[in-house]
Amino acid sequence: MKTDFTFKKMYYIGAGTAIAAMITGLFWGNPHFAAIDLTFILHAFFLAAFSFCLLLYPAFKNRTMKTVILIAASAYFYTLFFLYPGTWSTFIYICLIPALSIFFFDSLLFYLTLILNSLFITSMCSYIMFSKQSELYLLTKQDLIGNVINFLGSQIILVILYYVTYLRMKRQQEYYEQIQQSERIKTAGQLAAAVAHEIRNPLTVVKGFLQLYEQDSSYDRKAKEHFALMIDELDTAEKVISQFLSISAPNKEISLEKVNVKEILYSVVSLLNSYGLVHDNRIELELGEEECCIAADQTEVKQLCINLIKNAIEASKEGLPVLVKVKRMKSEVEIKIIDHGTGMSKTEIQLLGTPFYSLKSKGTGLGLMICFNIVKKYKGTIHFESVKEKGTTVVIHFPLYRELASREEKRI
Ligand code: ADP
Ligand code: MG
C-alpha cells in the first residue's frame, strides 16, 4: 500500500514536471504564440492530449492505457517535427519514443513501438529525400545519412538499455521469491521445533514406562507383545520428530554418505506399491544402467522420495500409473516423478512448500516443505511442471557423488 502511494507521488511529480516543461515550450519563444495560428493550435491540442493521458495513467495502469499513452506521445512528437521543421531537437524526441515504453516493462509494447517508430522514420526520411516540398527540413536533409546512422545507434542503445533493465528486474524477482521461500522454511522450522520438542518429552516418558512393563513378569505374553508393538510405534514417531527438528537446524553438521538413488527408489517403490494399489495405481520404475550415487543422508533421501511418490499417487486418477525415472547426467543425477493426475495451476505451484498448504481433506501440508528443505540441504534443485487436469512432473537434480567429492577436495 505504502509502495503504491510512493509510486503515485513520484509519478505525479515526474509527469507534472514534464508537462510543465512542455507547456513552457509551447509559450516561450514560440513565434506562433503571438499569431495563435494553426501551428500553435495543433501544438496545444496534441500537448493537451498527451498530458491528459499521462495524468490518467495511475488510475488505469493497464496495457490499453499504456498503448494510448504511446500513441499520444508519438502523435505529439511527430506533430512537433512537422510543425517546426527548423528545429533539430524534434528529431531526437522522435528517436526516443520507444524509451517511453521502457518505463512500462512490457516487452511486446517496447518491440512494437521500436519497429513501428523505425518504419515511420524510414518513410519520413524517404519523403524528405525525394519530395520537392521538403526543402523546409533543411537541417535534416543536409546530413540525412548522418541522421539515419545516429537514429540506428540510438535504437541499439535503447534495446540494450531495455534488455539490461529487464534482466535486472527478472533477477530481482527471482531473488525475492527465493527469500520468500527461505522465510517460509524458517517460520515452519521454528514452529516444527517448538511442537516437536513439546511432543518428544511426553513420548519419552510413555516409552520409558512401556519398557518397564515389558520387563515386568506380572504381565502375560500377549500384553508384552502389545507393549513391544507400542514401543515400535513410539520409535517411529520419535524418528519423525527428529527429522522434523532437523528442519529447524539447517546449520547443524551435515553427515554425507554415498547414497545409491536406484537402491533407495527400489525400496521406496516396493514399500509404496500396496498404497498405490488401493486406487489401482501402479508405480513403474525406469532405472538406467549407470550407477547413480549422490552424497546425502540415506534416511532423508528416502523421506524425500516417499513424500513425492505419495503425492503423485494421491493426485493420480484411478487406474493410471505413476512413473519414476532415474538418469545419470554429466555431473548430476536426475529423478523424475511423473503422474497423470489432477495437476496444478501456476499459482498453486508457487504455493508449494508453504507450511500447512494442502488441498487434501486429510493432508498436513508439510510434506513438500520437508522435501524442499532436504533438496536444498544437499545442493540439489527441484521443480514442478504441471498442467491442470493433465498431470505433474517433478524433476529433481542432485550433484553426482563423484562431483561433490572432487569439489570438496579442490576446496581443501
Ligand atoms: P499434503 O500431501 O499433506 O497435502 P504436501 O506438502 O505433500 O502436503 O503437498 C501440498 C499440496 O500440493 C497437496 O495438497 C496438493 O494439492 C499439491 N500437490 C503436491 N504434489 C502434487 C501432484 N503430484 N499433483 C497435484 N498436486 C500436488
Ligand atoms: Mg504429501
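These numbers were taken from a predicted model, which means no experiment stands behind them. In listed order, ligands and their atoms are each counted from 1. All residue numbers in this chain count up from 1 along the given sequence.
Heavy atoms of G341 stay at 4.0 angstrom or farther from ligand 1. Residue N307 places every heavy atom at 4.0 Å or more from ligand 1.
Close approach to T342 involves these atoms of ligand 1, each under 4.0 Å from a residue heavy atom: 25 (C).
Residues Y378 and E300 bring a donor and an acceptor atom of their side chains to less than 3.5 Å of each other. In this structure, a donor-acceptor pair under 3.5 Å is present between the side chains of E314 and Y275. With hydrogens and angles left out, the side-chain atoms of Y84 and H43 include a donor and acceptor closer than 3.5 Å. A donor-acceptor pair shorter than 3.5 Å cannot be found between the side chains of Y266 and N260.
Neither the backbone nor the side chain of I337 has any atom closer than 4.0 Å to an atom of ligand 1 (non-hydrogen atoms only). Contact annotation: for V394 versus ligand 1, there are no heavy atoms closer than 4.0 Å. The proximity of T392 to ligand 1, defined as any non-hydrogen pair under 4.0 Å, is limited to the side chain. Of all the heavy atoms of L352, the ones lying under 4.0 Å from any atom of ligand 1 belong exclusively to the side chain. Contacts between S358 and ligand 1 below 4.0 angstrom, taking non-hydrogen atoms only, involve backbone and side chain alike.
Any N or O atom pair closer than 3.5 Å counts here, and L359 shares at least one such pair with ligand 1. Here's the thing with L368: one of its N/O atoms is less than 3.5 angstrom from an N/O atom of ligand 1. Every N/O-N/O distance between A315 and ligand 1 stays at or above 3.5 Å.
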Report task. Test side-chain contact (heavy atoms from CB on, under 4.5 Å) on F27 and F40 and set out the steps. Result -> CA-CA 9 Å; F27 295 109; F40 182 81; 3.6 Å; yes
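The distance from atom OG of S316 to atom NE2 of H279, rounded to the nearest 0.5 Å, is 10.5 Å.
Taking atom 3 (O) of ligand 1 as the reference point, the nearest protein heavy-atom neighbour is T364 N, 2.8 Å. For atom 10 (C) of ligand 1, the closest heavy atom belonging to the protein is Y357 O, 3.2 Å. Of all protein heavy atoms, the one lying nearest to atom 19 (C) of ligand 1 is N311 ND2, 3.6 Å. With respect to atom 23 (N) of ligand 1, the closest heavy atom belonging to the protein is D339 OD2, 2.9 Å.
We find that K207 and D235 are joined by a salt bridge, their nearest charged nitrogen and carboxylate oxygen being less than 4.0 Å apart. A salt bridge links R282 to E284: one of the charged nitrogens lies within less than 4.0 Å of a carboxylate oxygen. A salt bridge is defined here as a Lys NZ or Arg NE, NH1 or NH2 lying under 4.0 Å from an Asp or Glu carboxylate O, and R221 with E225 meets this definition.
At least one N, O or S atom of N311, from either the backbone or the side chain, sits less than 2.8 Å from the Mg ion (ligand 2).
Judged purely by atom type and a 3.5 angstrom limit, S358 uses its side chain to pair as donor or acceptor with the backbone of K360.
Distances from atom 27 (C) of ligand 1 to the heavy atoms of K388, M344, K360 put M344 nearest.
The distance between the ring centers of Y166 and F105 does not fall below 6.0 angstrom.
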